[in-house]
Amino acid sequence: MLDINQLRNELDLVVERLATRGYTFNAAEFAALEAERKTLQTSTQDLQAKRNSVSKQIGIAKSKGEDVAPILAEVENLKGELGAAETALATLQDKLNTLLMGAPNLPDASVPVGKDEAENVEVLRWGTPRSFDFAVKDHVDLGAPLGLDFETGTKLSGSRFSALRGPIARLHRALAQFMLNTHTNEHGYEEVYTPYLVNAASMTGTGQLPKFEEDLFKVSRPDAEPLYLIPTAEVPVTNFVRDEILKAEQLPLKFAAHTPCFRSEAGSYGRDVRGMIRQHQFDKVEMVQIVHPETSFAALEELTGHAERILQLLELPYRKMALCTGDMGFGSTKTYDLEVWLPAQNTYREISSCSNMGAFQARRMQARFKNEAGKNELVHTLNGSGLAVGRTLVAVLENYQNVDGSITVPTVLRSYLGGLEQLV
RNA sequence: GGAGAGGUGGCAGAGUGGUCGAAUGUACCUGACUCGAAAUCAGGCGUAGGUGCAAGCCUACCGUGGGUUCGAAUCCCACCCUCUCCGCCA
């Protein structure tokens, strides 16, 4: 959520910067609602003050045994008038809130301006794509004999689901464990385990609701509020600090979690239909940082580096992209995507996305800390994949394939697989 | 699934229709006393919003949302959550 004070004071600037993301903020509506709010709020509060003082008088009069009928007659109209004012004000504030909740975050000044992914800026390339002296297979063909089973996934659940068996299942588990171990042992993250179903308040806190409900799997319950399957561990982990006031010395908080992620993929019909690039369910190791506002951009560099480290240790070639204003996610001030080399697609594909959300989520969540002046101040939140496990599995299969269809196990994973050097 | 209890300030805990934004204790901050500390004493100490140059004034907030009333922490309804006992269960 944007800072309403900034909207009041620097409306033109906000509008201009949101426009670089391709978002048209309805400034005229906002200004009109704000003006109306001001007068309506003042008049409502005047009426409330009047009611309070008259009611107080009635109480005093009654306690003295005086007749209160004249005073009651005096306030006869007040009740209806006040009720109408309060209703009107609530309606107005709902509208303002809707406007605010629907607006994306302001991009940082360092973010390249552009309208879509074509204008993202490559920051660096790491590693050299291997040259093959045989015809490369894609992960679907490579995985099939090793236990990558789309037919069963489809039978059990439908399209965009897969089942893993034997060596592939084991490699998948090894990848997740390797990532989580690296972040907790070497990068200073606290391992967390979280619910995979969360309430609407949590989804609203991180920004999935109210605007992106169609992207989520919703679980309705007859006698309780609905729950939502998490689309990323960012949701439960970031919400750890919802409605909390942290001590300054607790910051930064660094959490890492391995969870499944569930996405409806509404609107992506026909995209990546083959293979496990785009699934309704996939595993991901996620990093989340809760930091002091002054350090959030440094933290973004650090966190992105942690994700890069996984790719480097796995010796997978990748490139780092600075997303342009038009391609960034809803709540982000700045995002780096890491794209891994996929030989079969002869291209780089997203495997991690690392974002500094600034105060955007913290404001929705009311996640604060006591600052140096003793004031409650919003924290900044960051998150990044470190990494998407399913896509890493794809990358390992394709990059480490041999002419006979076997897969060489990356060195760092061997200890997780009982020393195994090849998947056959 | 059945039965019951309960959600009040950082924490504990009073308050069951009227000068209650809320007693009291505790924690915390400031000052006094002290060589210093402890103890003691005095004062301060919630959040959000409106308005004002400012001092200040005003409004809202006692789990959440509705309702009754001139007036609600207090009464009514719904929901959320926590705890206890029984049953079932990985």
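So that the names make sense, note that chain A is the first sequence line, chain B the second, and so on, each numbered from 1. Hydrogens, waters and symmetry mates are skipped; everything else that's a heavy atom, side chains included, is used.
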Rounded distance in Å between the P positions of B/C76 and B/U16:
14 Å
Rounded to whole angstrom units, what separation is found between the CZ atom of A/Phe369 and the C1' atom of B/U47?
17 Å
Are A/Tyr189 and A/Phe255 near enough that their ring centres are under 6.0 Å apart?
no
Choosing from B/G18, B/C58, B/U19, which nucleotide comes nearest the side chain of A/Ile58?
B/G18
Sugar-phosphate only, base, or nothing, as touched by A/Asn52 at under 4.0 Å among non-hydrogen atoms:
sugar-phosphate
Do A/Gln41 side-chain and B/G49 base share a donor-acceptor contact under 3.5 Å?
no
A/Ile60 CD1 to B/G17 P, in whole Å, measures 19 Å
Which residue lies more 5' along RNA chain B, comparing A/Gly59 with A/Arg368 via nearest heavy atoms
A/Gly59
Atom-pair distance (CD on A/Gln57; P on B/G71), nearest Å:
14 Å
Between A/Glu302 and A/Lys254, is there a salt bridge with N-O shorter than 4.0 Å?
yes
Taking only side-chain N and O atoms of A/Arg8, does any of them lie within less than 4.0 angstrom of OP1 or OP2 on B/G50?
yes
Determine the Euclidean distance between corresponding C1' atoms of B/C80 and B/U68; express it in Å to zero decimal places.
23 Å
Base-pairing mate for B/G52 - Watson-Crick or G-U, with both contacts under 3.5 Å:
none
If pairing means Watson-Crick or G-U wobble with both distances under 3.5 Å, then the partner of B/C41 is B/G31
Pick base, sugar-phosphate or nothing for A/Glu225, based on heavy-atom distances below 4.0 Å to the nucleic acid.
sugar-phosphate
Need to verify one output field. Residue with the more 5' nearest nucleotide on RNA chain B, A/Ser53 or A/Lys370?
A/Lys370
Using whole Å, what does the distance between atom C1' of nucleotide B/A48 and atom CG of A/Asp243 come to?
14 Å
Let's test this: given Watson-Crick or G-U wobble pairing with both distances under 3.5 Å, identify the partner of B/U16.
none
Pair A/Tyr228 and A/Phe217, ring centroids less than 6.0 Å apart:
no
Taking the C1' atom in each of B/A23 and B/C81, what is the distance between them to the nearest angstrom?
27 Å
Taking only side-chain N and O atoms of A/Lys38, does any of them lie within less than 4.0 angstrom of OP1 or OP2 on B/U51?
yes
Quick one: A/Lys50 NZ to B/G50 C1', roughly how many Å, whole number?
18 Å
Does A/Glu377 come within less than 4.0 Å of A/Lys370, counting only side-chain N to carboxylate O?
no
Using a cut-off of strictly less than 4.0 Å, decide whether A/Arg51 has a side-chain nitrogen or oxygen near OP1 or OP2 of B/A60.
yes
Pairing nucleotide - B/G46, Watson-Crick or G-U, each distance under 3.5 Å:
B/C61
Not counting sequence neighbours, which residues clear salt bridge (Lys or Arg N to Asp or Glu O under 4.0 Å) with A/Glu308? List them please.
A/Lys320
Strictly by modelled atom types, are A/Arg349 and A/Gln345 linked by a side-chain donor-acceptor pair under 3.5 Å?
yes
Please produce a list of atom pairs where a protein N or O lies less than 3.5 Å from an N or O of nucleotides 63-68 of chain B.
none

Rounded C1' spacing from B/G66 to B/G15 in Å
24 Å
If the C1' atom of B/A72 is compared with that of B/A22, how far apart are they to the nearest Å?
13 Å
Searching all strands shown, indicate the nucleotide that pairs with B/C83 (Watson-Crick or G-U wobble; both distances under 3.5 Å).
B/G4
Within the 4.0 Å heavy-atom criterion, would you say A/Asn376 contacts the bases, only the backbone, or no part of the nucleic acid?
sugar-phosphate
Euclidean distance for P, B/U24 against B/G1 (whole angstrom):
45 Å
Proximity to the side chain of A/Gln48 - top-ranked nucleotide from B/G18, B/G49, B/A60
B/A60
Partner residues of A/Ser268 under the side-chain hydrogen bond (donor to acceptor under 3.5 Å, both in side chains) criterion, sequence neighbours left out
A/Glu265
Just checking A/Lys95: does its NZ atom have more than 12 heavy atoms from other residues, nucleotides or ligands closer to it than 6.0 angstrom?
no
Ring centers of A/Tyr193, A/His258 separated by less than 6.0 Å:
no
Between atom CD in A/Gln93 and atom C1' in B/U59, what is the gap in whole Å?
11 Å
When rounded to the nearest Å, what value does the distance between P atoms of B/G67 and B/C61 take?
13 Å
Nearest whole Å is fine: how far is B/C20 P from A/Lys56 NZ?
7 Å
For the P atoms, the ones on B/C45 and on B/C57, what distance do you get once it is rounded to whole angstrom?
13 Å
Let me know the distance between CD1 of A/Ile245 and P of B/G9, rounded to the nearest Å.
12 Å
Considering only heavy atoms from C-beta outward, does the side chain of A/Arg414 approach that of A/Glu421 to under 4.5 Å?
yes
Per the atom types in the model, does the base of B/G18 pair as donor or acceptor with the side chain of A/Lys62 at under 3.5 Å?
yes
Pairing partner of B/A22, by Watson-Crick or G-U wobble and under 3.5 Å for both distances, is none
